[in-house]
Amino acid sequence: MGDRLSGVNDNVRPRLLLIDGHSMAFRAFFALPADKFTTSGGQHTNAVHGFVSMLANLIKNEQPTHVAVAFDAGSTTFRTERFPEYKGGRDATPEPFKGQVPLIREVLDALRITHYEREMIEADDILATWSSEAGSRGWEVLVCSGDRDSLQFVTDTVTVLYPVKGVSELARMTPDAVEAKYGVRPERYPDLAALVGESADNIPGVPKVGPKTAAKWLTQYGDLEGVLAHADEITGVAGQNLREHIDQVRLNRELNHLLTDLDLPYAPEDLEARPWDREAMHTIFDALQFRTLRDRLLAMMPAEERGDDDVVAGPSLELDAVAPGGLGAWLAARGGKHLGLEVRGRAVPGSGDADLLALGDADGHAVVVDLTEIEPADDAALGAWLADEDAPKFVHGGKARWHELQGRGYALRGVTLDTELAAYLCHPDQRTFDLEDLTIRSLHREIGAASPGGTQGSLDLDLDGDGGELTVLAERASILVPLGEALADDLADRSATKLLELLELPLADVLARMEDTGIAVDVDLLRELDAEFGEQARHAAEEAYAVIGREVNLGSPKQLQEVLFDQLDMPRTKKIKTGYTTDAAALTELFAKTQHPFLEHLLAHRDVTKLRQTVETLLRYVGPDGRIHTTFQQTVAATGRLSSADPNLQNIPIRTAAGRRIRRAFVVGDGYETLLTADYSQIEMRIMAHLSGDEGLIEAFRSGEDLHNYVASRVFGVATTDVSPAQRSKIKAMSYGLAYGLSAFGLSKQLGIEVGEAQKLMDDYFTRFGGVRTYLHEVVEAARATGYTETILGRRRYLPDLTSDNRQRREIAERVALNSPIQGSAADIIKIAMLEVRKELDARGLRSRLLLQVHDELVLEVAPGEFEEVEALLRAAMGGAAKLSVPLDVSVGTGPNWHDAGH
DNA sequence: GCTTAGACGTA
DNA sequence: CGTACGTCTAAGCG
């Protein structure tokens, strides 16, 4: 443990840092823009950020041996009781500030810094007491406070750090500095303040007496008592005012006297700085989304402290020099035990490549292989090991490794643990799962720190000529073994082991193959569409310009706002950060009100440029094989869904006729007969029926009737044959909204009806399908109790905000809690189905293959002559993926392109 | 060159 | 004041 944070070294004079928590946090709050410091969940963090940043600077620059923070406990204190106007007239604490103080306390806890507050007492009194106690021990004391009253306890050994500008610049208030600024010694400062008053605390001073006059008097008569004793001698208006305000001045002096004799539960010795709690730091900084600040603090920790006291030092890394041809022996020596596998390369589906590969074992032995100049014997040994289902491997992001190795001609099998997938299952809401971060979090170790010889120093010999990349890669491979074991424990604690081993891990392989296969596109058709949409966009733009008499950038919301609300002075739409929205819903409403032709052209332009943009993005991604290879992201969606990126093939238009033309460009590839799509109909409603056990809803699905018709007939009390289209669509909107936590307000907005009518619709709905309401309530309450929701496969999502004091955050969490089990269970089911489809296709030796997954839909490419068998196995796999209390209905379509294969 | 906001496509 | 995503452009930052 380093001296800095280890507390008293007998030879070193203790240095105590004391901080007025509220006053500094409040300064930070006003110094930093609230909108720039907000988590994705909407929690303001500007005060926390400013405070912690200041704290980090202080610790770094001042190197205190002891640290403590005092907070104000509430608005009533012994001072307000004595003088009710004290600190009166202040504006209410701003809403965005509240709630940040508990977060600051959490950070302090993680840093193991003592913080204290007491009813009726102000932070300054606590600091004054500690300061006085420490001063009497001969310690050096630094007091960080934005309250000028603290200047009274400045001495030769007690310095006040007073914020000048924000919280980044602190003035060192020594006795000389106080005298230079106020003209009196620190011990006389409260006398001066009593005369001058303090507007911030609503303490009136003597009129016409400012710091200069007060200092002059105090110098002349010694102290406040002297001044008051000679009040009669002072001439002029100021003297007259003083005589009239003597009582107020005495009261002021009484109020600004800070207590130094409190009986506190912590003596200065108890405030010794302690090693930080890394785990807690990660937790709170993750929640606050402070990445840089966390890194800054971590960097400040002495190297010896890196591992904390409860952490065993990691085994040193031994990079084995394996002679050409010796890789097989190296592997054999590992005796079939699991190894960490890392690869360097490009993980691009369909055109990946790998140049370096590293293997690491549990004993800290590692080997790095240059794949570009590998010996045939090593190549064979490595290829066999990689492809061996029974040679266990730990990887991080195995699907990407699969693509890299595939590009070099290696098959990858036998992955028994993927640290990225494991971490995702443990923390599905986390945005990234960098190996470096996981290592710090789970093992309290840092990659790069344990390299042989230490790669930290700039003087290291770069023997491999690779900037240390080889050793880092070897270290990454090595760390996978202990990291994998740690995560396996974590998974077991969360009952997620099977989810990894039986679902996500095998699915990664299925996805890798789908990505590698890609989907064929008709490039000529895409180019045609590009040109056509481009022409239509030009036309719409010209028409729009003609209407307003000038050319603006129709793609700029800012410029559009000028046109709509300044130039054309249209009714204002919904407020957004930058003014008023120009989104499609608002523009459509504006058009209904104004019939202004500009809006028509603008909307047409929007539609067609969006389509064109989609087409152009697709064209950019067509590979040399004439196919588009998306990447399915398996660790992104917190509910357990997949997402698709580079390009996103899960948001190809389907709702409009023009949009559907794009789907025609996704075609069956050479050597295949047709595309086949299969989708689950109303899977989320079926899951809702199953999970809620609502008899009415279950019967609706078993009846074989059209779901929305059936539900509408029950809600409106008419025969299924008499349900009007309007009734059906209302019910449809209501049913789908339920799973999202839709409110009567939201429903009314969507249907364009009164809130009262929407409320009645909801009431009628729940009269008939009460089990649904009960279920939705229970889901939220259960999640509040356990801290997480669960899908049918036990996939969890943690929702700490369910118990938040912040209503908005809490309500968002409640809607998430409603939706996650439903959306997540649907994701579970289709994932099971994909595994089954793949298994059956392989088992039967069929050439047909999975291409895409779009949440409730699978797209396959069917080889000649296999259609009937594939359709049957697909229906069986999808329909049998889960045993629910309602049937899983699958509808299948086929055709030469995605549009025609759809339904 | 980077990030953010607004907009909009899908389930 | 309905969930889950990805990606484009414009605009502001350095």
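Reminder, nothing fancy here: chain letters follow the sequence lines and each chain counts from 1.
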So, OP1 or OP2 of [N]: does either fall under 4.0 Å of a side-chain N or O from [X]?
X	N	value
A/Thr639	C/dC5	no
A/Ser743	C/dG2	yes
A/Gln613	B/dA7	no
A/Arg655	B/dG9	no
A/Ser643	C/dA4	no
A/Thr614	B/dG9	no
A/Thr578	B/dA5	no
A/Asn651	C/dG6	no
A/Ser556	C/dA11	yes

When you measure only distances, ignoring hydrogens and angles, does the side chain of [X] come within 3.5 Å of the base of [N] through a donor and an acceptor?
X	N	result
A/Arg606	B/dA7	no
A/Gln750	C/dG2	yes
A/Asn648	C/dG6	no

Closest approach to the side chain of [X], judged atom by atom: which nucleotide of [options] is it?
X	options	value
A/Lys558	B/dG6, C/dT3, C/dA11	C/dA11
A/Thr581	C/dT7, B/dA7, C/dG2	B/dA7
A/Val854	C/dA10, B/dA11, C/dG6	B/dA11
A/Arg815	C/dG2, C/dA10, C/dC5	C/dG2

Quick one: label [X] by what it contacts on the DNA or RNA (base, sugar-phosphate, nothing), any heavy atom closer than 4.0 Å.
X	answer
A/Gly746	sugar-phosphate
A/Ile822	nothing
A/Glu857	nothing
A/Arg797	sugar-phosphate
A/Leu649	nothing
A/Ala739	nothing
A/Ala584	sugar-phosphate

**Message:** Within the structure provided, determine whether A/Arg612 and A/Asp530 are in side-chain contact (heavy-atom separation under 4.5 Å).
**Reply:**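 The answer is yes; the side chains approach within 4.5 Å.
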
**Message:** Counting C-beta onward and ignoring hydrogens, is there a side-chain heavy-atom pair between A/Leu560 and A/Leu587 closer than 4.5 Å?
**Reply:**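 They are not in contact (no side-chain heavy atoms under 4.5 Å apart), so the answer is no.
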
**Request:** Dump the intermediate steps for salt bridge (Lys or Arg N to Asp or Glu O under 4.0 Å) on A/Arg664 and A/Glu528, then the final yes or no.
**Result:** CA-CA 12 Å; A/Arg664 291 204 173 89; A/Glu528 260 176 56; over 6 Å; no

**Message:** Ignoring hydrogens and geometry beyond distance, is a side-chain donor-acceptor pair present between A/Thr582 and A/Arg606 at under 3.5 Å?
**Reply:**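 Side-chain D/A pair, A/Thr582 to A/Arg606: present.
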
**Request:** Applying side-chain contact (heavy atoms from CB on, under 4.5 Å) between A/Val667 and each of A/Leu525, A/Asp522, A/Val521, report the one that passes.
**Result:**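 For A/Val667, the side-chain contact (heavy atoms from CB on, under 4.5 Å) check succeeds only for A/Asp522.
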
**Prompt:** Is the Lys NZ or Arg CZ of A/Lys574 less than 6.0 Å from the centre of A/Tyr580's six-membered ring, within 45° of the axis?
**Reply:**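 No - A/Lys574 does not lie over the ring of A/Tyr580 by the 6.0 Å and 45° rule.
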
